[in-house]
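Below is one structure, written out as structure tokens, with a few remarks after it.
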Amino acid sequence: MAEYKKTLNLPDTAFPMRGDLARREPMMLEDWRKKDFYGQVRRARLGRPKFILHDGPPYANGDIHIGHAVNKVLKDIIVKSKSLEGFDAPYVPGWDCHGLPIELMVEKKHGKNIPPRQFRALCREFAKEQIARQRKDFVRLGVLGDWEHPYLTMDFSFEANIIRTLGAVLQNGYLYQGQKPVHWCISCLSALAEAEVEYEERVSPAIDVLFHAVDAKALATAFNLQLPLSDVHAVIWTTTPWTLPANEAISVNSEFVYDLIQTSHGVLLLAHELSGECLARYGLEGHLLAQARGKDLEFLLFEHPFSDRIVPIILGDHVTLEAGTGLVHTAPAHGLDDYVVGSRYHLPVDNPVEADGHFRQDEPLVGGVDVFEANNVIIERLKTMGRLLCQTQYKHSYPHCWRHKTPIIFRATSQWFIGMESGNLGTLRDIARKAVKATAFYPSWGRARLEGMIANRPDWCISRQRNWGVPIAFFLHNETGVLHPRTSELIEDVAKLVEKEGIDAWFELDPVELLKNDAEHYHKVVDTLDVWFDSGVTHACVLKTRPELAHPANMYLEGSDQHRGWFQSSLLTGCATDGYAPYQSLLTHGFVVDGQGHKMSKSRGNVIAPQKIMDNLGADILRLWVASTDYAGEMNISDEILKHVVEAYRRIRNTLRFLLANIADFDATAELPVEELLEIDRYALWLTAELQKEVRQCYDRYDFHQIVQLLQAFCSEDLGGFYLDILKDRLYTSRIDAPARRAAQQTLFHIVHTLVRLLAPILSFTAEEVWAQLEGSADETIFSKYWYVLPPDPDPAFITRWKKLRQLREDVQKELERLRAAALIGSSLGAEVELYVNGHEGDFLRDMGDELRFILLTSSAVCFSSGPAALKTRIEGVCVVVKPTLYRKCERCWHHRATVGRDLSCPELCDRCITNLFGEGEIRRYA
RNA sequence: GCUCGAUUAGCUCAAAGGUAGAGCAUUCGGUUGAUAACCGAAAGACAGAGGAUCGUUACCUCUAUCGAGUACCA
């Protein structure tokens, strides 16, 4: 009995069922590296149209987390799909190397008080180590790129080009030095850019403070009162008592109505709209004495509550009725609004707070005290002076340093800014707005987000008071502070030096070297650049300098946080140097959260490390998860989700294995023309072509999770549940060289070649593994190939017919299941099918004759023109009856046939098997 | 605070103004010639309330939950 199994053409392949990815992927990577797969693709695409996805540099600190993995995998999927599409899509990864976080790490490791030069050397060393670690993990993900030649923002040439680009920004009139309040971190001891600020809830002391009116007469006039009042106080409300020492004015809104209200605490000046609320807060009764418009109060004078200073009322639109008293304490050194309104009135911008957040020693009352400590000191003083009307706790969101997580302050210092409202090419804001309009966004809401940010953002403070950064390499006049007249030449001189020796060249430079006799009148700027400037000019330092790349890039792709970060810094520097954005499209992805949608955090214990996924399940599983998740929103990951991904992977892998195993003996050199294929083969190819069409469209739209769905459905429904299921009989039982079998193999060959390409950008390891099987060697990467070209589609009527056949198959399967439940049959081959065909809808069924049984996977399927009442099928006029077979089972093909036993020399076989074994072999047309 | 967005089976995702689909997971069954595989079947969902509509999960409003963005929050 069992010997007939040996006469079958059973599948055979070295392609293992289980991927064993975690163990084998690293070996494959090593092989790819040796064979220079990246270089192969470059050579294969030489001269093709370019698609440049420009890599945003991750910060060179810490091991990569799942967010990095998502980012790099998405980039890799795009680069690879573009490559298969025929583009030359080089991928040059990069790293962001300067900046405070690395300084902090080095300080932690080596202590403070290291000489600057040595300190910078240590920073460079540290960054190098971090890059090596991160690179290893990125490579492990299967990301194809020029990992041997990444760009580093600390490369000497890069540093030099940063300085040159800064020069271009200056040249175009977008750079200025100014004394104005900026976000200041007292832990960093440095100014911060918008991108380095994050808002967190904080409880601050909120106080209502009295400012005594100085000139009762003027006040009376303003309020149109006959008699001057005594004991009048303007009431301001603030949540930052420590800014009171720098108070220079009280702002009111010119349009609001202000009340004078008699209370037991004297006469209070409050905005009418807020007065009731305020009195309630103070627990006071009052009656209205007079009213005036804000604009009538301008220049009225009041006493500072504890300093020896008289301050005016000024008008400002920033005064609102949302909170407080409608009178706003104004300290130009500690708030941007205050600064703006203050400069209109030429108020001084005296900042009494030092870099470390302590008041200057000579400041009365709070000299040497930390600002947040000073709150209490000031409140006590106000109390003793009777100027504190009310004190509460106020919970609000407050800016914090994104590195230190500590509250930051506004502090006026001399800094360098990129101005939004100036410039030789037009205002930067306008140019940037136009650039955003010209950019494509995936998903589309990115546009509104970036637009909004550009419309509202303040000037960009690009100077930092740090060591590990690219210098703002300017010479300023000692007395006037004006830039050296030959600045643009000098910048080039400096850049040349930096190109040779790195940024140290500037810090160690003796001005005489470049300025000669001028040197005694000029000094070097020692501020460094915001690291966001570094990464923001990669378009100038990378895209424009590497011959294989191009400018502008086709795409920048980063997490959605980079609207505020890299997308914006690149946009602004691009606009300030070239007048347009360095990218044509932006793609953003969301953050990774756990199964419940919670943020990942060590304290919650829900962190999933990419390294762990790769070590346990393999990079292809991680890649498949990335691809199958909609990146537009948050991306959920958990062990359960990964388990499902593994299942999905198995399905795809096994399908590939089955395809490979059945074409093991197929000679592909002479392609069989479509006409020699059977009908079902052509239908299967049509399904494959449809799949390819849809998948390519999805790649084109960057809609990857759809692709995974499509591939999975194809493997399960079209192949596993239909075509392959039916095909087994033909592949196994035909003569090994039968035309019908070769037709099947030719079809499988087409399918596997299509499929392996379609999934290669996602399941790169698996695809290369399949590719090596197909090619017989692993010397060439699949990514040097193009999408597979399939034979032309059959006509629509043909397709319709086969769709109906599939429905019929489903209907019959339901009926089979009924017999099975009644224990009348086991396998479907234990059943016979009778079809009753009325009308013409089912004519084609008659034509198929005996081959119908192969489609239905039953031992026989016969058409009759009329017969007993039977179950309707979804084909008009076609009914079906399924019954158990009465015949013996052929031991070879398992069909139950009347012919089994007729040939006495082979009593266990049917006629079909006999001819397939010893005769001409059967002929098939349909299935 | 303000502005957006989301909410479809256990999970990941679809679709459509008129019987809501798929894959995986689950249960049951078949098969033992893809076998740590394969095939079939079953069961399973429109967050809640109100409204417009002949009718909707789909449009509108509100509520809930989640998320994101943003702020000159004095």
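By convention in this document, chain letters (A, B, ...) are assigned in the order of the sequence lines, proteins followed by strands, and residues within each chain are numbered from 1.
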Derivation and outcome, ring-ring contact (aromatic ring centres under 6.0 Å, His included), residues H329(A) and W237(A):
CA-CA 7 Å; H329(A) 148 59; W237(A) 180 77; over 10 Å; no
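Listed nucleotides: rU12(B), rG30(B), rA74(B). Nearest to the side chain of R820(A): rG30(B). The listed nucleotides are rU12(B), rC38(B), rA41(B); the one nearest the side chain of R651(A) is rC38(B). In the set rA34(B), rA14(B), rA74(B), the nucleotide with an atom closest to the side chain of N654(A) is rA34(B). Of the candidates rG33(B), rA34(B), rA41(B), rA41(B) carries the atom nearest the Q813(A) side chain, counting heavy atoms from C-beta on. Residue Q709(A) places its side chain closer to rU12(B) than to any other of rU12(B), rU32(B), rA34(B). Checked against rG33(B), rA22(B), rA74(B), the side chain of A713(A) finds its nearest nucleotide in rA22(B). In the set rA68(B), rA36(B), rA74(B), rA74(B) carries the atom at the smallest distance from any side-chain atom of W237(A). Counting only heavy atoms from C-beta on, E634(A) has its side chain closest to rA68(B) among rA68(B), rU32(B), rA74(B). Which of rA34(B), rG30(B), rC11(B) sits closest to the side chain of S827(A) comes down to rG30(B).
Taking atom P on both rA41(B) and rA25(B), the two are 16 Å apart, rounded to the nearest angstrom. Taking the C1' atoms as reference points, rA42(B) lies 30 Å from rG48(B), given to the whole Å. Using atom P as the reference point in both rU26(B) and rC11(B), the two lie 15 Å apart (nearest Å). rA47(B) sits 15 Å from rA14(B) when the P atoms are compared, rounded to a whole Å. Taking atom P on both nucleotides, rA20(B) is separated from rC72(B) by 50 Å, rounded to a whole Å. One C1' atom belongs to rC66(B), the other to rG23(B), and the distance between them is 26 Å to the nearest Å. Comparing rC73(B) with rA68(B), their P atoms sit 22 Å apart, to the nearest whole Å.
Atom CD1 in I726(A) sits roughly 12 Å away from atom P in rC39(B) (whole-Å rounding). Whole-Å rounding puts the I637(A) CD1 to rC13(B) P distance at 11 Å. At whole-Å resolution of the value, CG in L719(A) and P in rA22(B) are 17 Å apart. For the pair L711(A) CG and rC24(B) C1', the interatomic distance rounds to 15 Å; values are reported in whole Å. Across the protein-nucleic acid pair, E640(A) atom CD and rA9(B) atom C1' stand 13 Å apart, rounded to whole Å. E717(A) has its CD atom 7 Å from the P atom of rA22(B), to the nearest Å. Counting to the nearest Å, the P atom of rA25(B) and the NE2 atom of H644(A) are 8 Å from each other. Computed from coordinates, the I751(A) CD1 to rA34(B) P distance equals 17 Å when rounded to whole Å.
Looking at heavy-atom distances under 4.0 Å, D630(A) makes contact with sugar-phosphate atoms alone, never a base. Residue contacts shown for E647(A) are limited to sugar-phosphate atoms, with no base heavy atom under 4.0 Å away. Using a 4.0 Å heavy-atom criterion, one finds that W445(A) contacts no nucleic acid atom at all. Residue-level contact check: R892(A) touches the bases, meaning some heavy atom is under 4.0 Å from a base atom. Residue contacts for T629(A): at a heavy-atom cut-off of 4.0 Å it reaches the sugar-phosphate backbone alone, with no base atom in range. Contact annotation for G633(A): no contact, since no heavy-atom pair falls under 4.0 Å across all strands. Among the heavy atoms of the strands lying under 4.0 Å from L8(A) is at least one base atom, whether or not backbone atoms are also near. Backbone-only engagement by H705(A) is indicated by non-hydrogen atom pairs under 4.0 Å involving sugar-phosphate atoms exclusively. Note on G721(A): only backbone sugar-phosphate atoms sit closer than 4.0 angstrom, heavy atoms only; bases stay farther off. Looking at heavy-atom distances under 4.0 Å, K643(A) makes no contact with the nucleic acid at all.
Pair assignment for rA64(B): rU7(B), on the basis of Watson-Crick or G-U wobble contacts that are both within less than 3.5 Å. Across every strand in view, rC28(B) sits in a pair with rG40(B) that passes the Watson-Crick or G-U test at under 3.5 angstrom.
Ring geometry for H183(A) against F410(A) counts as tilted: the plane angle lies between 30° and 60°, on a 0 to 90° scale.
Residue side chain F591(A) fails the stacking definition with respect to rG67(B), as its ring centre and the base's six-membered ring centre are not both under 5.5 angstrom apart and under 30 degrees in plane angle.
Donor-acceptor pairing under 3.5 Å is lacking for the side chains of S859(A) and T885(A). A donor-acceptor contact under 3.5 angstrom links the side chains of R853(A) and H895(A), judged on distance only. For the residue pair Q706(A) / R701(A), no side-chain donor-acceptor distance below 3.5 Å is found, with atom types taken as modelled. For the residue pair R892(A)/T7(A), the side-chain donor-acceptor check at 3.5 Å is satisfied.
For the pair R650(A) and rC24(B), the criterion of a side-chain N or O lying under 4.0 Å from OP1 or OP2 is not met. Not one side-chain nitrogen or oxygen of R447(A) sits closer than 4.0 Å to the OP1 or OP2 atom of rC4(B). OP1 or OP2 of rU12(B) has not a single side-chain nitrogen or oxygen of S628(A) nearer than 4.0 Å. An OP1 or OP2 oxygen of rC24(B) is reached within less than 4.0 angstrom by a side-chain nitrogen or oxygen of S716(A). Regarding contacts with the backbone of rA34(B), a side-chain N or O of Y732(A) is found under 4.0 angstrom from either OP1 or OP2.
Comparing L327(A) and F658(A) along RNA chain B, the residue whose closest nucleotide (by nearest heavy atom) sits nearer the 5' end is F658(A). In this structure, L10(A) and T239(A) both approach RNA chain B, and ranking their closest nucleotides by distance from the 5' end singles out L10(A).
Salt-bridge annotation for K814(A) and E817(A): absent, with no side-chain N of the basic residue lying under 4.0 Å from a carboxylate O of the acidic one.
No donor-acceptor pair closer than 3.5 Å links the side chain of R429(A) to the backbone N or O of M420(A).
The only option from D620(A), N654(A), T766(A) that meets the side chain to side chain donor-acceptor pair (under 3.5 Å) definition with Y649(A) turns out to be T766(A).
Between the side chain of R18(A) and the base of rA36(B), at least one donor-acceptor pair of N or O atoms lies under 3.5 Å.
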